[in-house]
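Structure first, commentary second.
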Amino acid sequence: SQQGEEDPQALSIQEGENATMNCSYKTSINNLQWYRQNSGRGLVHLILIRSNEREKHSGRLRVTLDTSKKSSSLLITASRAADTASYFCATDLNTGTASKLTFGTGTRLQVTL
Amino acid sequence: NAGVTQTPKFQVLKTGQSMTLQCAQDMNHNSMYWYRQDPGMGLRLIYYSASEGTTDKGEVPNGYNVSRLNKREFSLRLESAAPSQTSVYFCASSKKLPGLAGGFGGELFFGEGSRLTVL
């Protein structure tokens, strides 16, 4: 079963606009991560936010985490055509072993000129 | 550095055939993983290896076996392929990070994927 669910499933915006993607999860987590996947490629790590953090920034990315609502959001500001990709949230359940991340189903972002 | 390398990139099998997907990482990471990605399903963990010499089942292990050959290499074997195993397979690795529980929970580094079709 999927731990994380992204919303919306697909998002189409114009270059320069902001894109917001949301992720909800079901159980307590150790940390939450966001990944990006270009078509036909592997996933690339974007940002990690720990359960005791509420907000984190990395360049044009802003991630928030609300553990009381079991949700996270990824904001991409001033989007570019090159941001077109699928974005996945992944939760780490802190099993004490490896990084057993559970991925959501992703948001497909299309940025048009 | 190459990062995580998977072979082959594409493979077509007939039902009942066997094959092995190879994965190697050159980042000296302790943990390695195999995921499968299906449309609308996101990524699902098949098997993982927390460290050299150990392997454990993930969410969808049935029909697969793995071998952690050494610290660099982690292979995934399909003994008798079935059409339900048609998917894109991703290998990933991660390193221990201080400050996180058990040193785990860090980012994953992914290979480019292996697209498998079972007819």
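Since we're looking at a predicted model, the values are computed, not measured. Letters A, B, ... are given to chains in the order of the sequence lines, protein chains preceding strands, and every chain is numbered from 1.
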B:Y47 side chain reached by B:Y64 side chain, heavy atoms, under 4.5 Å
yes

For A:L101, is there any backbone N or O sitting under 3.5 Å from a side-chain donor or acceptor partner on A:D92?
no

Can you name the side chain to side chain contact (heavy atoms under 4.5 Å, CB included) partners of B:E112, sequence neighbours left out?
A:R41

Any pair counted as salt bridge (charged side-chain N to carboxylate O under 4.0 Å, His left out), so long as it reaches residues 68-77 of chain B, sequence neighbours left out
B:R77-B:E79

Partner set under salt bridge (Lys or Arg N to Asp or Glu O under 4.0 Å) for A:E55, not counting sequence neighbours
A:R62

Check whether A:Q37 gets within reach of chain B through its side chain, its backbone, both or neither, counting any heavy atom under 4.5 Å.
side chain

Using a 4.5 Å heavy-atom cutoff, which residues in residues 6-14 of chain B come close to chain A?
none

Please work out which of the three classes, parallel, tilted or perpendicular, describes the rings of A:F103 and B:Y35, given edges at 30° and 60°.
perpendicular

